[in-house]
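Reviewing the structure listed below.
A, B, ... follow the sequence lines: proteins, then strands. Residue 1 opens every chain.
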Amino acid sequence: MGAQELSKGYDPRGVEEKWLKFWEEKKSFSPDANKVKKPYSIVIPPPNVTGTLHMGHALNLTLQDILCRFHRQLGYDVLWVPGTDHAGIATQNVVEKALAKEGKTRQMLGREKFIKRVWEWKEEYGNKILNQIRRIGASVDWSRLRFTMDQGLSRAVREVFVRLYEEGLIYQGDYIINWCPRCHTALADLEVEHEEVLGALYYIKYPLAGGTDAKGEVIVATTRPETMLGDTAVAVHPEDEKYSHLVGQEVILPLVQRKIPIIADSYVDREFGTGCLKVTPAHDMNDFELGKKHQLDLIQVIDDEGRMNEQAGPEFAGLDRFECREKVVQLLEEQGFLVKKEDLRHSVGHCYRCHTVIEPYVSKQWFVKVEPLAKKARDAVADGKTKIFPEHWTKTYFEWLDNIKDWCISRQIWWGHRIPAWTCESCGHLIVAREDPPECPKCKSVHLSQEEDVLDTWFSSALWPFSTLGWPEKTHELEKFYPTSVLVTGFDILFFWVARMMMMGLHFMKDVPFRHVYIHALVRDAQGQKMSKSKGNVIDPLLMMDKFGTDAFRFTLTAFAAMGRDIKMSEERIEGYRHFINKIWNAARFALMHLAEETEEEKVEFEPARLSGLAHQWILHRLEEVKSEVRKALLAYQFNDAAGTLYQFVWHEFCDWYLEMIKPELYGEDEAVKAGARACLKQVLMEILILLHPIIPFVTQEVWSYIPGEKNLNLAQESYPETRAECLQPDIVEKMQFLQDVVVSVRNIRSELGIAPAQRLKLYLRADGDDRDFLLTQKNLIMHLARLEVLEIEPDLTPPSGSASNVVKGYELYVPVKDLVDIESELARLDKELKKINKELEIVSRKLANEGFVNKAPAHVVDKEKLKLKEFEDKKIKLEKLRERLADLKNG
RNA sequence: AGGCGCGUAGCUCAGGGGGAGAGCACUUGCUUGACGCGCAAGUGGUCAGGAGUUCAAAUCUCCUCGCGCCUACCA
């Protein structure tokens, strides 16, 4: 590209779209099918088609994108599969709402038309999130876009269902399940959100039935009095003397007048309430189990709408369950059966989609027998076949798998994978098949009715890592990219999704679905609260990208993505990191100004061995360290470390020191030096851009396109910079530190004594031996950096009168300030220095005075402390002398 | 009830047995031949509290307090 000058500030508008198009046209993110590069693959956690990009997605995508772009640089063949999830209940709800506006229900449309309507909705709105994924710069392979309801994945779902059924791992039966009366469907245990609410515990009298002399009664305690209408027993603990004599007798259920038995079961907690439990097998999970065990009647009094049915009795039939509760309580009270009512905090299950209170409900459902699958999923992590980062989530993962219960997978909705099961209307035979059966294999009847229910959305999500790669076909993709390298996700779906993918992957692919699982943080608001629409504290990632640029936003997420801690996000933070993006832009602008000046004849190839200047040697040394630190950090998922290292290096080393140090060379007369400086500057800039690119792809690519003479325009295809071991020379850091100390010392004097920056100063520095030789070689540089007009470095020098002074590396330095400031200020400044050094000296001397330390600590530690002591003492003495001299001057 | 995590500068957070760190904020000064979205120099800390292990603890162990989250059949 040409040698245009960059604008004064970075403006992301236009830039981002330009490069997105560029990368897409170049197919930069499709794996390189022909090459034998090592595979690296990630499947995207598929967002709901109903969704719009939120902070959680943004973080999730940014981290995956960093990993993918980084691994491309490392030479891997990278595949990142994008896609969306059909989100059964959520999507159906959305479309039903739209229908409601037209005054229609899905029942009015019928199943087929309704499904058609959902597909239409999906085509129209479902791609919104895909554009947003694109917008954030996610380097996915769009040619492999998948959807959980598309043909291939639907085929995988059927295959899995049928195989599990044939293996006896899927079964159908009447059980009590979590029912959402609003969504009209069963939910898995995981889909129920428990929430603490203030409820009440009602104590109700159940009079004893039996003989004429039976005058007694038992008192039960319940939070759901309306369910008493379906009570079929009262249970007590078998060893509870209070009640043991009553076991086997009967009570008369108030309001209903039904006689029900008193049974004994050790499940009952003697300490809770009265120690006497009413049993409603049809409407309580535990009571259901009790009912089965004791062969109790099962009376359903609540229907699938959450209303009381005829079984509840004519007085109550048709009432909503909560209205009924009030009525029951009122009647009990009127008839003298209500003993008391206590407040009680307890947790109540709510639907995770619509937040309606869950109703335990008995119905015919399909289940996956998970224990055998769970065991394998557990072992794979225990054996290290899959590693979870941060490691502590492993325990949570184990705990869940160890206590897992069968998974209810049928949903009474229409949008989803319809269960491939048919019942023969003639003979009642149940058929489970991959292909729709034309007739009953048993009686040849053609009157078959397909199961109405669809599968839990997570059932298809569980297959995602292999279904997206073409399973059950034996595809090239499967062979090359399964198991995937890493799964990046939030902990909130560790059970929902991660554990289930592990189970299915191991069962059907005989191998784990991913080598690593990286669990990232939750993005919260600035106060640390979860973002939610109802709280009104959501920060829209799209707005942030519009306002500050995608790079600034991505860098912010990365810089805060420390393992195991949530991210508190705020607009100010993003704004802060925009400054960094702009800083990079301006550093590049400066560099490119000088690179652009260069003519072909002047141009020098970058050859580190020939660069003798301190600045170049130092920056190249540091660059080597940074390269290895960033690589190490990213391989360990320490994203914040990578971001932090680069921030510090680019701003405070490259910009603050290196660029300042090479200015005299760049603006100087010596053409050879100038050319060398340009070559090094260019190299360092290019490597910085490569290192930053995975985090902030746009600004780096934009700058890259301006680099003169660069043949490869596509930064996304650049390799991670090679190591230059010859540039590592630790002693250069020490030298640099010395120089920086001298410069900072002068700047400090200037600043603390209030001398104008424009005022050129004189500096007299005592130094000898190698140190002096070194400083002499850097004389011009020091004069430039410290803004000096005179610099003298001598082994012996007479302190000029009326000067400010300091001690650096044991050498006194003097800055004559007689006419600029009063002696008082300088005395105060020296006192401050002395106070500092005294403090440090005290710490070190105390340590060395400790015999235990000197005897037991490792020799190198003790030596270090001794050296420090010597340095500090020396510095203290010298500072004191300087102070004395100045005080004398003042007095005389 | 059990489990996990957190408590470090005013704020947000790194660090994780041998000199308390960063960013933001704050103070002072500044048209410094890239950048005021900037430059330079500074101020600021009983590393929640207590006990223990150790020559040495912000760091390891235990306890206490506070905060957050997850899991559970808390009628």
Side-chain angles (χ1 to χ4, degrees), chain A residues 5-6 8-10 194 196 201-202 220-224 227 235 267-269 272-280 284-290 344-347 390 392-393 395-396 399-400 403 405 491-492 494-495 522 524 526 528-530 548 552 559-560 562 564-570 572-573 575-594 638 640-641 644 647-648 651-652 655-656 659-660 663 666-667 744 747-752 754-758 787 832 840 843-844 847 850-858 860-862 864-865 868:
Chain A
E5 192 171 308
L6 267 50
K8 204 171 167 184
Y10 175 60
H194 292 274
E196 284 266 302
L201 192 58
Y202 299 89
V220 299
T222 181
T223 52
R224 299 198 61 195
T227 63
Y267 161 74
V268 177
D269 178 357
F272 192 90
T274 58
C276 184
L277 169 74
K278 65 186 265 320
V279 184
T280 323
D284 182 280
M285 299 284 175
N286 303 304
D287 294 5
F288 181 79
E289 295 302 321
L290 274 180
L344 180 74
R345 286 205 80 82
H346 64 144
S347 83
H392 71 255
W393 285 107
K395 197 164 177 181
T396 311
E399 215 137 299
W400 187 68
N403 300 302
K405 287 204 222 127
F491 61 82
D492 45 336
L494 182 63
F495 309 139
L522 219 62
R524 299 167 174 282
Q529 289 194 302
K530 221 168 162 174
F548 304 109
F560 283 105
R565 192 191 279 256
D566 287 345
I567 297 176
K568 289 182 195 165
M569 180 55 66
S570 73
E572 293 79 63
R573 284 201 190 132
E575 192 179 3
Y577 281 106
R578 182 184 59 178
H579 300 338
F580 177 58
I581 304 298
N582 195 54
K583 185 75 181 175
I584 295 166
W585 179 259
N586 275 291
R589 179 169 178 259
F590 169 79
L592 291 168
M593 269 167 47
H594 290 279
Q638 284 157 353
N640 59 318
D641 284 345
Y647 184 101
Q648 159 71 25
W651 199 316
H652 298 302
C655 292
D656 289 351
L659 293 183
E660 292 309 319
K663 275 178 185 173
L666 291 174
Y667 291 115
V744 169
R747 287 176 179 171
N748 175 274
I749 286 170
R750 185 193 290 281
S751 180
E752 295 269 306
I755 301 166
R787 300 183 71 79
K832 208 166 129 190
E840 294 191 89
I843 294 168
V844 183
K847 230 178 211 184
N850 182 347
E851 260 181 61
F853 173 74
V854 179
N855 295 332
K856 292 192 178 173
H860 71 274
V861 175
V862 178
K864 212 168 122 192
E865 293 300 312
K868 258 157 64 180

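When the side-chain nitrogen and oxygen atoms of A:His194 are compared with OP1 and OP2 of B:C70, none of them lie within a distance under 4.0 Å. In this model, the phosphate group of B:C69 is not approached by any side-chain N or O of A:Lys530 to a distance below 4.0 Å at OP1 or OP2. Put simply, A:Lys568 has a side-chain N or O that comes within less than 4.0 Å of OP1 or OP2 on B:C13. Taking only side-chain nitrogens and oxygens, A:Arg578 never comes nearer than 4.0 Å to OP1 or OP2 of B:C37. Regarding contacts with the backbone of B:G42, every side-chain N or O of A:Lys832 stays at 4.0 angstrom or more from both OP1 and OP2. For A:Lys395 and B:C70, the shortest distance from a side-chain N or O to OP1 or OP2 is not below 4.0 Å. Taking 4.0 angstrom as the limit, A:Asn850 places none of its side-chain polar atoms (N or O) nearer than this to OP1 or OP2 of B:A56. In terms of phosphate contacts, A:Trp651 brings a side-chain nitrogen or oxygen within less than 4.0 Å of OP1 or OP2 of B:C39.
Checking B:A41, B:G18, B:C69 against every side-chain atom of A:Phe491, the shortest atom distance belongs to B:C69. Closest to the side chain of A:Arg589, from the set B:G18, B:A34, B:C74, is B:A34. With B:G38, B:A75, B:C35 as the candidates, the nucleotide lying closest to the side chain of A:Asn586 is B:C35. For A:Arg524, taking side-chain heavy atoms from C-beta onward, the closest of the listed nucleotides B:G3, B:A34, B:C69 is B:C69. Nearest nucleotide to the side chain of A:Leu659, out of B:A75, B:G19, B:A34: B:A34. Distance from the side chain of A:Asp641 is smallest to B:A14 among B:G18, B:G38, B:A14. Picking from B:A41, B:G18, B:A75 the nucleotide with the shortest atom distance to the side chain of A:Phe272 gives B:A75. Checked against B:U71, B:C37, B:C55, the side chain of A:Pro858 finds its nearest nucleotide in B:C55. Nearest to the side chain of A:Asp269, among B:U12, B:G29, B:A75, sits B:A75. Distance from the side chain of A:Phe560 is smallest for B:U12 among the nucleotides B:A41, B:G19, B:U12.
As rounded to whole Å, 10 Å separates atom P of B:U71 from atom CG of A:Leu494. Here the P atom of nucleotide B:C24 and the OH atom of A:Tyr647 are 4 Å apart, to the nearest Å. In this structure, A:Trp585 places its CH2 atom 17 Å from C1' of B:G38, rounding to the nearest Å. Protein atom CD of A:Glu399 is 12 Å distant from nucleotide atom P of B:G5, rounded to whole Å. Atom CD1 of A:Ile567 and atom P of B:C69 are 17 Å apart (whole Å). Distance A:Glu196 CD to B:C74 P: 11 Å, rounded to the nearest Å. Note: NZ (A:Lys405) to C1' (B:U71) measures 12 Å, nearest angstrom. Put simply, CG on A:Asp566 is 10 Å from P on B:C70, counting in whole angstrom units.
No donor-acceptor contact under 3.5 angstrom links the side chains of A:Lys568 and A:Ser570, judged on distance only.
Stacking of A:Lys583 on the aromatic ring of A:Tyr647 is not recorded, the 6.0 Å distance cut-off and the 45° axial limit not both being met.
Residue contacts shown for A:Tyr267 include a base, since a base heavy atom lies under 4.0 Å away. Across all strands, A:Ser347 comes closer than 4.0 Å to base atoms (heavy-atom distances). At the heavy-atom level, A:Val854 lies nowhere under 4.0 Å from the strands shown. A:Lys663 comes within contact range of at least one nucleobase, with a heavy-atom separation under 4.0 Å. Counting any heavy atom pair closer than 4.0 Å across all strands shown, A:Gln638 reaches no nucleic acid atom. Among the protein residues, A:His652 comes within range of the sugar-phosphate backbone only, with heavy atoms under 4.0 Å from sugar or phosphate atoms but none that close to a base. If you check every strand for non-hydrogen atoms under 4.0 Å, A:Lys8 touches sugar and phosphate atoms only.
Judged by ring centres under 5.5 Å apart and planes tilted less than 30 degrees, A:Tyr667 stacks against the six-membered base ring of B:G33.
In terms of heavy atoms, A:Tyr577 sits closest to A:Ala552 at CB-O, 4.0 Å.
In this model, a side-chain donor or acceptor of A:Glu660 finds a partner on the base of B:A34 within 3.5 Å. Taking 3.5 Å as the limit, the base of B:C4 and the side chain of A:Thr396 contain no donor-acceptor pair of atoms between them. You'll find a donor-acceptor pair under 3.5 Å spanning the side chain of A:Lys583 and the base of B:C35, going by distance alone.
Without hydrogens or angle criteria, A:Arg750 side chain to A:Ala756 main chain gives a donor-acceptor distance under 3.5 Å. A distance-only check finds no donor-acceptor pair linking the side chain of A:Arg578 to the backbone of A:Phe548 [under 3.5 Å]. Judged by distance alone, with hydrogens and angles left aside, the side-chain atoms of A:Asn582 form no donor-acceptor pair with the main-chain N or O of A:Gly9 at under 3.5 Å.
Judged by Watson-Crick or G-U wobble contacts below 3.5 Å, the nucleotide B:U71 has B:A1 as its partner. Using N1 to N3 plus N6-O4 or O6-N4 for Watson-Crick, or N1-O2 and O6-N3 for G-U wobble, each under 3.5 Å, B:C26 pairs with B:G42. Searching all strands for a Watson-Crick or G-U wobble partner of B:A20 with both distances below 3.5 Å returns nothing. Pair assignment for B:C6 gives B:G66, based on Watson-Crick or G-U wobble hydrogen-bonding distances that are each under 3.5 Å.
B:G44 and B:U28 have their C1' atoms separated by 15 Å, with the value rounded to a whole Å. If you take atom C1' in B:C62 and the same atom in B:G68, they sit 23 Å apart, rounded to whole Å.
Residues A:Ala559 and A:Arg787 both approach RNA chain B. Their nearest nucleotides, taken by heavy-atom distance, put A:Ala559 toward the 5′ side. Mapping A:Tyr577 and A:Ala221 onto RNA chain B via the closest heavy atom, the residue that lands nearer the 5' end is A:Tyr577.
Ring-plane geometry between A:Phe495 and A:Trp400 is classed as parallel, the angle between the planes falling under 30 degrees on a 0 to 90 degree scale with a further cut at 60. Ring geometry for A:Tyr10 versus A:Trp585: interplanar angle of 30 to 60°, hence tilted.
The environment of A:Glu196 atom CD is dense: over 12 non-hydrogen atoms of other residues, nucleotides or ligands sit within 6.0 angstrom.
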